[in-house]
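What follows is one structure encoded as structure tokens, with my remarks underneath.
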Amino acid sequence: MPSSPPPDRPNRLSELPGSPLRAVLTGVAIDICGSRVINIVAVTIYAMQIVTPDMTDAQAAELLQKTPPSFVLLLVLTVLGMAMSVAGGYACARVALRDEWRTGAMLAAVAVVFGLLIDDAGVSDLALLYVLCDVAGLLLGVKYGAVRNRRLEAPAPSPADASAP
């Protein structure tokens with residue numbers, strides 16, 4: 001007994017738009033917390049590669065403090081942090097399901113405030129560059145989420161309209 005084929009698109013009538021607060025908090029959690037977790041993991045792996053097993057804790061701490069910053073590590077952390085920003089913006093738009101750009105702008109403002117409060121780097125040119133990259137990543141994610149929302153709202157093509165293979 002053959003079963004009916006699955007629908008092309010999920011039923012959007014069952015999805016209710018989330019509140020802007022929930023959407024913003026979801027995006028901030030993914031962006032800030034995800035970036036922090038990636039930062040901790042990457043720096044730990046980097047430190048494990050530099051420190052040898054026969055070193056004492058004091059020697060390891062001294063070595064890590066005197067080691068110059070790695071450009072490759074900085075680049076990897078920036079790219080992965082940007083990916084988390086895009087994911088946070090996408091999740092915000094998908095939770096909101098309406099007024100994605102307004103909710104995304106609120107998300108960007110909250111993320112900037114959290115970023116400046118959490119980072120101890122202070123206000124510098126590099127910190128400003130990171131903030132602008134974070135905002136760009138969040139809004140790019142909002143764009144992708146809004147496009148996905150519009151695509152799911154569009155009616156599915158009927159089988160008669162589908163082109164024959």
Side-chain angles (χ1 to χ4, degrees), residues 9-10 15 17-153:
R9 304 217 163 127
E15 289 186 34
S19 71
L21 177 65
R22 184 173 144 220
V24 168
L25 290 178
T26 301
V28 166
I30 291 172
D31 180 27
I32 302 289
C33 297
S35 296
R36 294 291 172 194
V37 168
I38 286 174
N39 190 355
I40 290 169
V41 169
V43 169
T44 302
I45 291 171
Y46 179 70
M48 288 171 49
Q49 290 178 348
I50 292 176
V51 175
T52 59
D54 60 340
M55 289 182 154
T56 64
D57 290 343
Q59 290 172 333
E62 183 181 343
L63 176 68
L64 289 173
Q65 288 175 352
K66 290 185 178 182
T67 302
S70 169
F71 177 73
V72 173
L73 179 65
L74 180 66
L75 190 62
V76 166
L77 289 176
T78 302
V79 168
L80 292 176
M82 186 70 152
M84 293 309 298
S85 296
V86 172
Y90 180 83
C92 176
R94 292 290 292 133
V95 168
L97 292 177
R98 63 171 187 250
D99 298 329
E100 295 96 346
W101 289 105
R102 181 178 56 89
T103 309
M106 289 189 299
L107 169 65
V110 170
V112 165
V113 169
F114 271 115
L116 291 176
L117 289 177
I118 291 174
D119 287 340
D120 56 351
V123 179
S124 66
D125 292 341
L126 189 60
L128 180 63
L129 178 65
Y130 282 143
V131 165
L132 290 176
C133 286
D134 189 36
V135 169
L138 288 168
L139 294 180
L140 182 64
V142 168
K143 175 193 176 291
Y144 290 147
V147 167
R148 174 78 174 161
N149 289 343
R150 298 297 86 75
R151 190 176 309 133
L152 290 176
E153 285 176 354

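These numbers come from a predicted model, not from an experiment.
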Mind jotting down which residue pairs meet the side chain to side chain donor-acceptor pair (under 3.5 Å) criterion with at least one end in residues 135-145? Sequence neighbours excluded, please.
-> none
Which heavy-atom pair separates L97 from E153 by the least distance, and what is that distance?
-> O-OE2, 4.2 Å
Name all residues meeting the side-chain contact (heavy atoms from CB on, under 4.5 Å) criterion together with I40; count only those two or more places apart in sequence or in a different chain, and write none if there are none.
-> T44
Just jot down the side-chain contact (heavy atoms from CB on, under 4.5 Å) partners of A91, sequence neighbours excluded, or say none.
-> T26, I30
In terms of heavy-atom contacts, S35 and M84 come closest through OG-CB, 3.6 Å
Residues at least two apart in sequence or cross-chain that pass side-chain contact (heavy atoms from CB on, under 4.5 Å) with A96, listed by chain then number, are A23, T103
Any salt bridge (Lys or Arg N to Asp or Glu O under 4.0 Å) involving residues 95-117? Give me the pairs, sequence neighbours left out, ordered by first then second residue.
-> D99-R102, E100-R150
Using side-chain contact (heavy atoms from CB on, under 4.5 Å) as the criterion, list what pairs up with L132, not counting sequence neighbours.
-> L128
Using a 3.5 Å cut-off and no angle test, enumerate the donor-acceptor pairs between side-chain atoms of residues 65-83 and protein atoms at least two apart in sequence or in another chain.
from	atom 1	to	atom 2	distance (Å)
K66	NZ	E62	OE2	3.0
T67	OG1	L63	O	2.5
S70	OG	V72	N	3.4
S70	OG	L73	N	3.3
T78	OG1	L74	O	2.8

Is the side chain of Q59 donor-acceptor paired with the backbone N or O of T56 at a distance under 3.5 Å, no angle test?
-> yes
How would you list, by chain and number, every residue that makes a side chain to side chain donor-acceptor pair (under 3.5 Å) with S85, sequence neighbours excluded?
-> D31, D134
Could you tell me whether the side chain of V142 reaches within less than 4.5 Å of the side chain of W101, counting heavy atoms only?
-> yes
Measure across L107 and C92 and return the closest heavy-atom pair with its distance rounded to 0.1 Å.
-> CD2-CB, 3.6 Å
For R22, check salt bridge (charged side-chain N to carboxylate O under 4.0 Å, His left out) against everything at least two apart and list the hits.
-> none
Nearest heavy-atom contact between A93 and A146 is CB-N, 3.9 Å
Closest heavy-atom contact between R94 and G145?
-> CD-O, 4.0 Å
Salt bridge (Lys or Arg N to Asp or Glu O under 4.0 Å) contacts touching residues 46-61 (sequence neighbours left out) = none
